[in-house]
Structures are given as C-alpha cells and as structure tokens.
Amino acid sequence: MDHKFVSNSFELENTSSNRLSRDKGRMEMEDGRHDFISSLPQDILKRIISLLPLDEAVRTSTFSAVWRSLWVPVLVPCHEEAEGELKEIISMLSKSYDSHRIWKLYLSYQDSKKAASETKYDVFVLATKGVEQELILEFSKREKEAKDFHLKFKPTCPASGAVSFSTLKMLRLRSVNNLGKDLTSALFSSCKFLESLELEKCSGLQSLDIEANDNLQSLKVLDCPDMVNIRVSARHLRSFWYQGVLPQVQLKNTLDLVEVMLDLRDGFCSCEFDCEDVVSFLTSLKEIEILTISSWLLEWLCSGGVIFSRLELRFNKLKELSWMEHSGMNKTKRDSLACFLNICPAMEKLLIKVDPGLNSISCPYFHQYLHEPHLWMDDATVKSNTSRLENLKIVEFWGYKSEEDQFLLLELLLEKANMLESITVTSPENHSWEVAKIPQSQLKQTWNTSNQRKQNAVFSLFRAFFMAVFEEIHVVFCPEKAEICNLSWF
C-alpha cells in the first residue's frame with residue numbers, strides 16, 4: 001500500500017511540473033500585463049492556497065491550468081475487504097499537512113454472495129483535506145449499488161483499531177452510498193475530537209444512527225431524499241440542521257442544543273403522519289433558542305386538532321423563530337402560526353420567509369384530532385386566543401408579493417406585541433421598507449404631504465408613539481385606532 005501511494009505521488013509531481021512548464025507560455029493576460037502570481041513556484045502557490053478556507057481554496061482550480069495542476073488527486077487503490085488497507089487510508093487522512101491535499105480513493109468491492117468472476121463494484125472517493133483539520137469525502141460510483149442502506153456512527157469501531165484522528169475537527173460526507181458505509185463509519189469512529197459532521201445528497205440513505213463523542217457541536221443532514229429515521233445522541237450538540245423530507249427524529253442527551261433548522265421542503269415520507277410523534281419531537285427541542293421551521297408542519301399539526309396552548313410544551317428560551325413558506329400567508333397559515341406563538345413567550349425576533357423554490361405541501365384530511373379543530377375560527381376569536389407577545393421586538397418579512405399577505409399577520413402582531421420596535425418588509429425584487437416607532441409629534445409635519453401613488457400598510461398607535469413606514473415615503477396621518485392607512489411615495 002505504501003509503495004503504491006509513493007509511486008502515484010511521484011507521478012503527480014512529474015505531471016504537475018510538466019503542466020506548469022506548458023502553461024508558462026500562456027501567462028500573458030489580455031491587457032498585456034504578466035500574471036506574476038501564477039508564475040510563482042508550485043510550492044509557493046500551495047502555500048498561498050493553504051491560507052484560504054478549504055471551500056475557497058478549491059475554487060482556485062478554475063483560474064487556469066496552472067492552478068488546476070495544484071489539485072490533481074493522488075490515486076490510492078484499496079480493497080474494502082482488506083482491513084489493513086482501510087486502516088492505512090484512515091491513517092493517511094488523519095495526518096496534519098502544511099497545505100491542502102487531495103486524493104482519489106479507488107475502492108474495489110466484491111459481492112460476497114457471488115463468485116469472484118462475477119459482480120464487482122468500483123467506487124471512487126474524492127478526499128480533500130484542509131490545513132484547518134477539515135476533511136471532505138465525495139463519493140461516486142461506476143456500477144449501480146444496492147439502493148437502500150443505513151449508517152451507524154459510534155465512537156469506537158473494530159475496523160479502526162488503534163487509529164485515531166488526533167486533530168480532525170470537521171468531516172463532510174457527500175453522496176455516500178451503500179458501498180461507502182464501512183469507510184465512513186470507520187472514519188467517524190476514529191474522529192475523537194470531531195466538532196462538526198455534515199452529510200449531503202446521500203440518496204438511498206434511510207436510517208442514520210449517531211452516538212457522538214463529547215466534542216460534536218454541529219450536525220447537518222441536507223438533501224437526503226430517502227431518509228426515514230434519524231437517531232442522535234450527543235451531549236454537547238449545539239446546532240442541528242436538517243433539510244429534506246420529515247423523518248422520524250429522536251434527539252437524546254442533547255441538553256446543550258441551541259439552534260435547530262427543520263427545512264422540510266420535500267414534505268413527509270411515505271409513512272403515516274402522526275401528530276403525537278411530531279409533538280414529542282418538538283418537545284425534545286424545548287430548550288433551544290433559535291428555530292427555523294417549515295410552515296406546512298405547523299399547519300398540519302393544527303389541522304390535526306393540535307392546540308399548542310393545551311400542551312405542556314413551552315419554548316421558554318426561544319428568542320428567534322424563522323417561518324418558511326413557498327407562496328405566502330393565508331388565514332389558515334396565519335392562524336396556525338398564531339397558535340404556535342402562544343408557547344413562545346420569550347421570542348424577540350420573528351422572520352417570515354417566502355421562497356418560491358420550496359415545494360407546495362398539501363395538507364391531508366384528518367379523521368381524528370389530538371384536541372379539536374380550530375382553524376375555522378373568525379379573526380376576533382383568533383386574536384383573543386393569541387397570547388400577548390411581551391418580548392417581541394423585531395419582525396421581518398422576506399419575499400412577499402401581496403400586501404394582503406402582510407396585513408393578515410401584521411394586524412395581529414401589532415395588537416399583541418406592545419414592545420415591537422420595527423417591522424421590515426422585503427419584496428422578491430429586494431425592495432424594502434421598514435415599520436418603526438415615530439413620535440406622534442413628528443407625524444404632524446407629514447400630514448399635508450401631496451397625494452401621490454398609494455400603498456397600504458398597517459399601523460398601530462401606542463400611546464405617544466405611532467408605527468409608521470419610513471424610507472422614501474411620507475406618512476399620512478391615521479385615526480387613533482389601529483387601522484390600515486395610506487402612504488404616499490416620493
């Protein structure tokens with residue numbers, strides 16, 4: 001194994017030197033100036049890119065053939081069944097380097113159920129190691145592998161033996177398939193000081209079971225379309241990001257968890273939606289401070305009769321809530337959000353995000369209700385059932401096209417949030433205006449402004465202060481009660 005690796009490294013150096021020589025005659029830029037940086041010795045160029053974060057450093061390969069030559073991977077053959085070779089690969093990837101490194105791992109598999117002359121699988125893994133102890137593994141395949149698979153990550157694994165990542169802090173796994181699960185499990189078990197783990201675009205991955213060490217603080221699972229179950233035990237986990245279909249999720253021993261993102265843009269998996277299971281999962285998040293959640297999940301829960309104020313669940317530490325939707329606000333969505341806000345007494349910031357790129361998730365018909373259906377209530381009842389938001393100070397709307405969408409929620413918030421300081425509305429074209437408190441005495445100066453093109457906005461009068469939109473507009477005086485008022489634009 002060592003001999004093969006050294007030989008391939010020597011070939012890489014010769015190939016890179018030849019390419020560098022060929023490119024020296026191409027370094028004259030179109031404006032006549034010489035590209036002095038690209039003409040520097042390769043060792044210095046490697047030193048330069050080692051000063052960049054790994055993601056940015058890899059992008060230098062698009063500059064020219066000279067820079068691409070710095071990223072020619074070393075080919076490392078390995079038979080997955082050979083435990084010794086697997087250990088050597090782990091040991092190679094675990095070392096510290098003074099510059100970014102890249103390898104192409106060639107993994108050869110033999111189907112144990114078939115003869116040696118029959119089915120054989122070859123998998124290439126692009127491994128990129130950064131000087132800041134980052135490792136990225138991106139899997140590809142030549143032959144079709146088994147579709148469904150499971151990943152189990154634990155601190156110890158027999159395959160890893162005595163090998164240990166003494167310094168690796170971040171591990172990214174992209175497009176892991178069934179043939180790569182042994183390698184990734186062995187890698188994880190060897191990462192004694194791992195702080196961040198990311199899995200992305202792992203088609204066929206149905207189950208993820210992670211028992212982490214005491215250092216893991218961040219976990220991201222993104223765009224794994226076949227996910228059904230996730231189980232995580234990590235005592236010091238602080239951030240959990242998930243994007244994809246809603247799976248069954250169990251978070252255990254995660255008392256330090258602060259931030260959670262549930263970007264459920266792909267809807268729900270094929271199994272039956274159970275309100276009690278989802279409420280149980282949300283209960284495991286009750287100590288978090290920042291939450292991003294897809295609107296359809298709250299809508300489905302409320303359509304299934306969940307009345308959050310009747311639950312024992314309270315998000316007493318939640319300070320920031322981001323609510324994601326694909327189209328905009330309607331009465332059902334407004335009411336389900338209002339219902340959820342009843343259990344967020346400490347919330348200070350609310351972000352309403354509309355992203356047309358998200359999928360539209362249709363709500364199913366529920367034959368049984370956890371509490372009772374309540375989304376049919378009139379506006380007055382919704383307002384009376386919504387708790388006062390004593391700590392809410394900032395509200396931001398992103399991507400709204402319809403003024404009516406804004407008004408549905410704004411009117412409710414302005415009535416219930418007496419400490420509100422500002423509301424910012426940003427259109428899909430990135431045009432924005434802000435709602436802020438203005439002393440009532442200053443409003444008299446704008447009373448006689450000329451009547452021009454009108455735009456509606458919602459205001460609320462709080463004793464000596466008034467909520468008004470400013471930034472390239474004049475304010476038109478409004479009645480003393482909270483009503484919809486007109487604005488004149490310059």
Exercise for review: Using the six-membered ring of W398, assess whether NZ or CZ of K353 lies under 6.0 Å from its centre and within 45 degrees of the ring axis.
Suggested key: no

Point to revise | Derivation of the side chain to side chain contact (heavy atoms under 4.5 Å, CB included) call for E287 and K317 | key: CA-CA 6 Å; E287 301 296 326; K317 297 182 180 179; 3.0 Å; yes

Review point. How about F124 and F139: are their ring centroids closer than 6.0 Å?
Key: no

Exercise for review: Could you check if a side-chain atom of Q133 sits within less than 4.5 angstrom of a side-chain atom of S96, using non-hydrogen atoms only?
Suggested key: yes

Revision key, fill the gap. G130 and H100 have their tightest heavy-atom pair at CA-ND1, 3.2 Å

Review point. Do L389 and L413 come within less than 4.5 Å of each other through their side chains, counting heavy atoms only?
Key: yes

Review point. Can you check side chain to side chain contact (heavy atoms under 4.5 Å, CB included) on I394 and L350, steps first, answer last?
Key: CA-CA 6 Å; I394 300 173; L350 175 62; over 6 Å; no

Exercise for review: Answer with yes or no whether the side chains of K154 and S233 bring together a donor and an acceptor at under 3.5 Å.
Suggested key: no

**Study point:** For E320, all residues meeting salt bridge (charged side-chain N to carboxylate O under 4.0 Å, His left out), sequence neighbours excluded
**Key:** none

Exercise for review: Mind checking the CG-CG spacing from L183 to L137? Nearest 0.5 Å is all I need.
Suggested key: 6.5 Å

Practice item. Taking atom NZ of K331 as the centre, report whether more than 12 heavy atoms of other residues, nucleotides or ligands fall under 6.0 Å from it. Key: yes

Review point. Can you tell me if D223 uses its side chain to pair, donor with acceptor, with the backbone of Q243 under 3.5 Å?
Key: no

Review point. Does CD belonging to E132 count more than 12 external heavy atoms closer than 6.0 Å?
Key: no

Check your understanding: Under 3.5 Å, is there a donor-acceptor pair between the side chain of S294 and the main chain of L264?
Key -> yes

**Study point:** Exceeds 12 heavy-atom contacts within 6.0 angstrom, atom NZ of K416
**Key:** yes

Exercise for review: Without swapping roles, check the side chain of T283 against the backbone of V279 for a donor-acceptor pair under 3.5 Å.
Suggested key: yes

Review point. Taking the side chain from D226 and the backbone from G204, do they hold a donor-acceptor pair closer than 3.5 Å?
Key: yes

Review point. What is the minimum heavy-atom distance between V258 and I288, and which atoms define it?
Key: O-CB, 3.4 Å

**Study point:** Reported SG-to-CE distance for the pair C202 and M227, which is rounded to 0.5 angstrom
**Key:** 7.5 Å

Check your understanding: What distance do M324 atom CE and I352 atom CD1 have between them, rounded to the nearest 0.5 Å?
Key -> 11.5 Å

Point to revise | Side chains of L173 and E200 in contact at under 4.5 Å (non-hydrogen atoms) | key: no

Revision key, fill the gap. The side-chain contact (heavy atoms from CB on, under 4.5 Å) partner of L168 among K95, E134, K192, K129 is K129

Practice item. Spell out, as yes or no, whether a donor-acceptor pair under 3.5 Å connects the side chain of H150 to the backbone of L208. Key: no

Point to revise | Any K349 side-chain heavy atom under 4.5 Å of M347 side chain | key: no

Review point. Do K319 and E289 pass the salt bridge (charged side-chain N to carboxylate O under 4.0 Å, His left out) test, and can you show the C-alpha distance, the side-chain angles, and the key distance before you say yes or no?
Key: CA-CA 5 Å; K319 297 184 181 299; E289 298 178 13; over 6 Å; no

Revision key, fill the gap. In terms of heavy-atom contacts, R388 and E415 come closest through NH2-O, 3.1 Å

Review point. Does the side chain of K201 reach to within under 4.5 Å of the side chain of R174, using non-hydrogen atoms?
Key: no

Review point. Do the ring planes of F188 and F153 sit parallel (below 30°), tilted (30 to 60°) or perpendicular (above 60°)?
Key: parallel

Check your understanding: Closest approach of N177 and S140, non-hydrogen atoms and distance?
Key -> ND2-O, 4.2 Å

Review point. Hey, are E325 and W323 close enough side-chain-wise for a donor-acceptor pair under 3.5 Å?
Key: no

Revision key, fill the gap. Taking every heavy atom of L301 against every heavy atom of F308, the minimum-distance pair comes out as CD1-CZ, 3.9 Å

Check your understanding: E259 versus W241: any side-chain heavy-atom pair under 4.5 Å?
Key -> yes

Revision key, fill the gap. The side chain to side chain donor-acceptor pair (under 3.5 Å) partners of R231 (sequence neighbours excluded) come to D209

Check your understanding: P247 versus N229: any side-chain heavy-atom pair under 4.5 Å?
Key -> no

Check your understanding: Rounded to the nearest 0.5 Å, how far apart are CD1 of I290 and CZ of R238?
Key -> 9.5 Å

Point to revise | Backbone N/O of H326 and side chain of D355: donor-acceptor pair under 3.5 Å | key: no

Check your understanding: Say you draw a straight line from NZ of K286 to CG of L257; how long is it, rounded to the nearest 0.5 Å?
Key -> 13.0 Å

Review point. Can you check whether N430's main-chain N or O pairs, donor with acceptor, with T426's side chain at less than 3.5 Å?
Key: no

Point to revise | R314 side chain to L311 backbone, donor-acceptor under 3.5 Å | key: yes

Exercise for review: Please report the C-alpha distance between K333 and S327 in whole Å, then the side-chain angles of each, then the deciding distance to 0.1 Å, and finally whether the side chain to side chain donor-acceptor pair (under 3.5 Å) criterion is met.
Suggested key: CA-CA 11 Å; K333 296 170 185 174; S327 58; 3.2 Å; yes

Practice item. Supply the atom-to-atom distance L105 CG to L126 CG, rounded to the nearest 0.5 angstrom. Key: 8.5 Å

Check your understanding: Does the side chain of D256 come under 3.5 Å of the side chain of H236 through a donor N or O and an acceptor N or O?
Key -> yes

Exercise for review: Start with the C-alpha gap between T184 and L199, add the side-chain angles, then the distance that decides, and say whether side chain to side chain contact (heavy atoms under 4.5 Å, CB included) holds.
Suggested key: CA-CA 11 Å; T184 55; L199 290 94; over 6 Å; no

Exercise for review: Check side chain to side chain donor-acceptor pair (under 3.5 Å) between N213 and all other residues, then give those that pass, not counting sequence neighbours.
Suggested key: none

Practice item. Considering non-hydrogen atoms only, spot the tightest contact between F315 and L282 and give its length. Key: CZ-O, 3.6 Å

Study note, to complete from the structure: From the list L297, V306, L291, side-chain contact (heavy atoms from CB on, under 4.5 Å) with F340 holds only for L291

**Study point:** L93 and W103: CA distance, side-chain angles, deciding distance, side chain to side chain contact (heavy atoms under 4.5 Å, CB included) verdict
**Key:** CA-CA 9 Å; L93 298 176; W103 302 270; 3.5 Å; yes

Check your understanding: Tell me, do L409 and F397 make a side-chain contact under 4.5 Å, heavy atoms counted?
Key -> yes

**Study point:** R235 CZ: over 12 foreign heavy atoms closer than 6.0 Å
**Key:** no

Practice item. Keeping the roles fixed (side chain from N330, backbone from T332), state whether a donor-acceptor pair exists under 3.5 Å. Key: yes

